[in-house]
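The sequence lines fix the lettering, A, B, ..., with proteins before strands; numbering per chain opens at 1.
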4 protein chains.
Amino acid sequence: MALSDDVESHVSDKDLIARRRRQIVNAAVKLFSKQGYAGTTVQQISKQAGVSTGLVYQYFGDKDDILFLALKQVLDTYEHDIPPQYADLDHPLERLFAALRAYCTVVHTLRDATVLAYRATKSLPLNRRIYIENAEIRTNRIFRDLLDECVAQGLMKAPDLELLTYQFVLFSHAWALKQWAFSGKYDLDSYVEAGGKLLIEPFLTGNGRAYWNTL
Amino acid sequence: MALSDDVESHVSDKDLIARRRRQIVNAAVKLFSKQGYAGTTVQQISKQAGVSTGLVYQYFGDKDDILFLALKQVLDTYEHDIPPQYADLDHPLERLFAALRAYCTVVHTLRDATVLAYRATKSLPLNRRIYIENAEIRTNRIFRDLLDECVAQGLMKAPDLELLTYQFVLFSHAWALKQWAFSGKYDLDSYVEAGGKLLIEPFLTGNGRAYWNTL
Amino acid sequence: MALSDDVESHVSDKDLIARRRRQIVNAAVKLFSKQGYAGTTVQQISKQAGVSTGLVYQYFGDKDDILFLALKQVLDTYEHDIPPQYADLDHPLERLFAALRAYCTVVHTLRDATVLAYRATKSLPLNRRIYIENAEIRTNRIFRDLLDECVAQGLMKAPDLELLTYQFVLFSHAWALKQWAFSGKYDLDSYVEAGGKLLIEPFLTGNGRAYWNTL
Amino acid sequence: MALSDDVESHVSDKDLIARRRRQIVNAAVKLFSKQGYAGTTVQQISKQAGVSTGLVYQYFGDKDDILFLALKQVLDTYEHDIPPQYADLDHPLERLFAALRAYCTVVHTLRDATVLAYRATKSLPLNRRIYIENAEIRTNRIFRDLLDECVAQGLMKAPDLELLTYQFVLFSHAWALKQWAFSGKYDLDSYVEAGGKLLIEPFLTGNGRAYWNTL
DNA sequence: AATGAATGAGCTTTCATTCAT
DNA sequence: GATGAATGAAAGCTCATTCAT
């Protein structure tokens with residue numbers, strides 16, 4: 001992380017800094033998600049976090065900083081919460097499907113924050129936007145690597161792995177972005193099942209299909 | 001369109017109203033797309049449109065009205081510009097693919113505005129948000145009907161047509177939403193080609209594949 | 001009337017000027033009375049008068065002009081409508097009481113406009129305020145002269161005719177100013193009767209009382 | 001006082017709230033009195049009060065709130081300052097006359113604010129206007145009770161105590177409302193004396209007159 | 001380290017006034 | 001003479017940021 005991406009603080013105790021920032025960012029994510037970035041005031045954030053307005057400015061340089069760390073935290077959650085959910089599994093196809101389920105589940109948990117990421121990233125200054133975009137690319141990498149693994153083992157075959165990866169990502173994000181369209185028609189489980197049928201099944205090889213049917 | 005969705009104007013000449021609104025909305029779309037809704041001032045809009053600040057309020061009730069008409073205009077463009085581009089074609093598969101190309105092309109033309117639609121719809125009051133969402137559903141219907149046609153003629157077969165429709169839509173939108181990831185790797189044409197391979201080819205029946213290969 | 005009190009017009013036909021001004025002032029009085037001077041827009045006045053906004057500025061220099069003429073018209077109505085209602089009567093006491101009834105009746109008719117005169121006179125520039133105040137003094141003169149007549153003929157006797165005159169005026173104005181307090185307790189007739197008992201009876205001489213009782 | 005009449009503040013310290021509000025209301029009364037409510041800007045008020053514009057909005061919800069509290073303060077002053085000035089006196093007639101003097105004196109002190117009350121009450125929303133009107137009725141009660149006392153003790157006799165009460169009130173208010181007419185002819189003392197002669201003397205009984213002449 | 005009252009630039013919106021037709 | 005679309009200065013109000021305590 002480049003220096004320019006650092007968020008400055010006027011406080012020295014490292015632990016305190018971490019704790020306070022978490023406290024404030026959590027409050028911010030909640031409010032940004034509901035009301036948007038511009039629609040949320042620093043006063044509201046401090047109140048929600050249970051601290052004074054002035055304190056916020058001892059841990060963040062300005063309001064943009066809060067947004068940046070809020071988005072970063074969302075992306076970090078993706079990156080940290082998904083891998084453990086397929087790490088124990090052995091078979092690549094199982095791992096891929098588990099990852100899809102895990103991604104959708106995290107998106108479900110962070111529904112509002114996911115929408116926030118779509119809405120607000122553009123509000124960041126360029127260098128920070130790039131940082132966030134790179135974090136997303138790292139998350140995408142998860143699917144890409146699992147797909148590569150499946151292809152390498154002759155289980156899948158796809159014309160364009162790069163784009164297929166994005167379809168996995170978009171499919172997961174859509175669960176949050178298009179809540180209004182999906183709620184009532186699908187629950188999370190059936191949505192993930194359908195995802196498997198659209199994004200994995202069609203690209204299975206004979207071997208792949210053989211294993212897939214045993215799941 | 002319900003009355004409550006109407007945007008009032010203090011001017012009587014119908015033609016003038018239409019012209020002025022177009023002029024102002026065009027300026028607004030440009031600025032909203034770049035700077036976001038909240039980040040754009042009415043002063044900036046009026047300046048960009050080449051009119052006075054006060055004039056804006058003779059054609060729009062408030063700033064929200066401008067956003068609403070801006071989004072409506074984007075959605076209307078989708079709805080009006082896509083169908084003509086496959087209307088002349090006879091074969092369902094050809095029509096479907098042409099529609100995908102058309103949608104991606106419109107998205108390409110309205111790149112910034114498409115991103116705007118994702119970012120700003122949540123800023124609308126409920127009844128207007130619903131209006132915009134319904135407009136999106138009508139646009140989705142385009143793909144859905146074409147897919148149904150293909151299935152009815154035994155050319156395609158998919159486990160979940162509803163979700164597959166959304167994959168078409170998301171794929172098209174992604175061209176705008178993920179510009180930063182795709183530009184440099186794809187041009188519009190190759191993107192559309194790859195889309196055909198991911199979203200159509202895997203779901204072709206034998207008959208469908210036979211025809212597809214002749215395209 | 002001093003030149004500085006003149007209201008300028010860009011139109012030459014004298015009759016037209018008078019007609020248009022009346023038309024616009026009538027609309028203004030109606031609106032000013034209901035919404036106050038500052039709460040009324042020139043656009044509303046022109047609409048109420050059934051003319052274009054621009055036309056107003058061909059007959060009035062600015063919005064203040066309209067207020068001035070509106071107030072002037074109210075005061076003029078007082079001045080012109082009251083005297084005829086006691087002119088035919090011969091006895092001074094009868095004339096005085098008839099004048100009180102007439103004043104209260106005009107106030108009743110112009111309730112809102114009377115309140116307007118109290119609220120808005122201070123909004124005028126000094127020279128115009130003075131003009132209006134002089135018009136009010138002329139109206140007060142009506143009571144003063146009638147009282148003087150009664151005193152001269154030995155019908156009344158009061159310690160301070162100047163202030164008693166003002167009590168007559170205030171009593172009449174109060175019917176409009178304190179509507180909220182009086183409506184429900186008095187109707188116009190009983191109010192006037194009570195006025196006679198408070199403002200005339202106590203100041204009658206023996207002769208005066210003798211005649212008064214015959215009324 | 002109903003909740004709906006409360007004026008909200010974003011500040012918690014009770015003492016500070018009271019002090020700031022007084023500070024701002026005092027400035028507002030001064031300006032409103034001179035320039036009217038609509039003719040006074042919040043910027044002017046804040047400048048006159050020696051605080052920033054934003055601060056005003058931490059102690060008042062909007063400009064209307066300032067007007068309401070300003071008027072309320074004027075009415076409260078009436079209610080609190082008059083009674084102590086006759087409380088020590090024993091004789092009802094003396095008390096009545098002292099009250100008249102006190103009322104006129106308070107009106108004199110609050111000349112501009114009294115005019116403001118006449119001009120601006122109509123600018124208030126209905127529930128607040130009613131609150132102010134009720135406060136005025138409570139003030140009127142002062143005269144009414146004193147008059148009743150005089151009548152009960154056989155000192156006075158009047159045809160309509162309700163209206164006579166209003167004549168006392170109007171007479172007092174007139175000192176402010178008609179400054180332009182009275183200044184030069186009366187000073188406060190002679191005005192009050194004349195008031196006694198017009199509003200008390202004529203309604204004295206024999207007993208009343210006997211005592212009155214000893215004053 | 002923490003508070004929260006105070007600031008003031010900048011926003012949306014209104015409306016008296018003008019002027020081309 | 002009459003129109004009404006157009007103007008833009010100025011208003012009310014918000015809120016990111018500061019700073020004395």
[N] phosphate, OP1 or OP2: any side-chain N/O from [X] under 4.0 angstrom?
| X | N | answer |
| --- | --- | --- |
| C:Tyr59 | F:dG1 | no |
| C:Ser52 | F:dG4 | no |
| C:Arg20 | F:dG1 | no |
| D:Tyr57 | F:dC13 | yes |
| A:Thr41 | F:dC15 | no |

Here's a test of your reading of the structure: between A:Leu55 and C:Thr40, which maps to the more 5' nucleotide of DNA chain E? A:Leu55
Whichever of C:Ala38 and A:Gly50 has its nearest DNA chain E nucleotide further upstream toward 5': A:Gly50
Using whole Å, report how far [atom1] of [X] lies from [atom2] of [N].
| X | N | atom1 | atom2 | result |
| --- | --- | --- | --- | --- |
| B:Ile17 | F:dG4 | CD1 | C1' | 12 Å |
| B:Lys47 | F:dG8 | NZ | P | 12 Å |
| B:Gln23 | F:dA6 | CD | C1' | 12 Å |
| C:Arg19 | F:dG1 | CZ | P | 11 Å |
| B:Gln58 | E:dA16 | CD | P | 13 Å |
| A:Gln43 | F:dT14 | CD | C1' | 9 Å |
| B:Lys63 | E:dT13 | NZ | P | 8 Å |
| C:Leu67 | E:dA16 | CG | C1' | 14 Å |

Under a 3.5 Å cut-off for both contacts, is [N] paired Watson-Crick or G-U wobble with anything, and if yes, with which nucleotide?
| N | value |
| --- | --- |
| E:dA1 | none |
| F:dA10 | E:dT13 |
| F:dA16 | E:dT7 |

Will you find, in the side chains of D:Gln35 and D:Thr40, an N or O donor that is under 3.5 Å from an N or O acceptor? yes
Return yes if a side-chain donor-acceptor contact under 3.5 Å exists between C:Asp64 and C:Tyr37, otherwise no. yes
Smallest separation among heavy atoms of D:Arg119 and C:Tyr118, with atom names: CG-O, 3.9 Å
Any heavy-atom pair between the side chains of B:Val25 and B:Phe60 that's under 4.5 Å? yes
Hey, which of these two, D:Thr53 or C:Gly54, hits DNA chain F nearer its 5' end, going by closest nucleotide? C:Gly54
Cation over ring, D:Arg128 on D:Phe68, under 6.0 Å and within 45°? yes
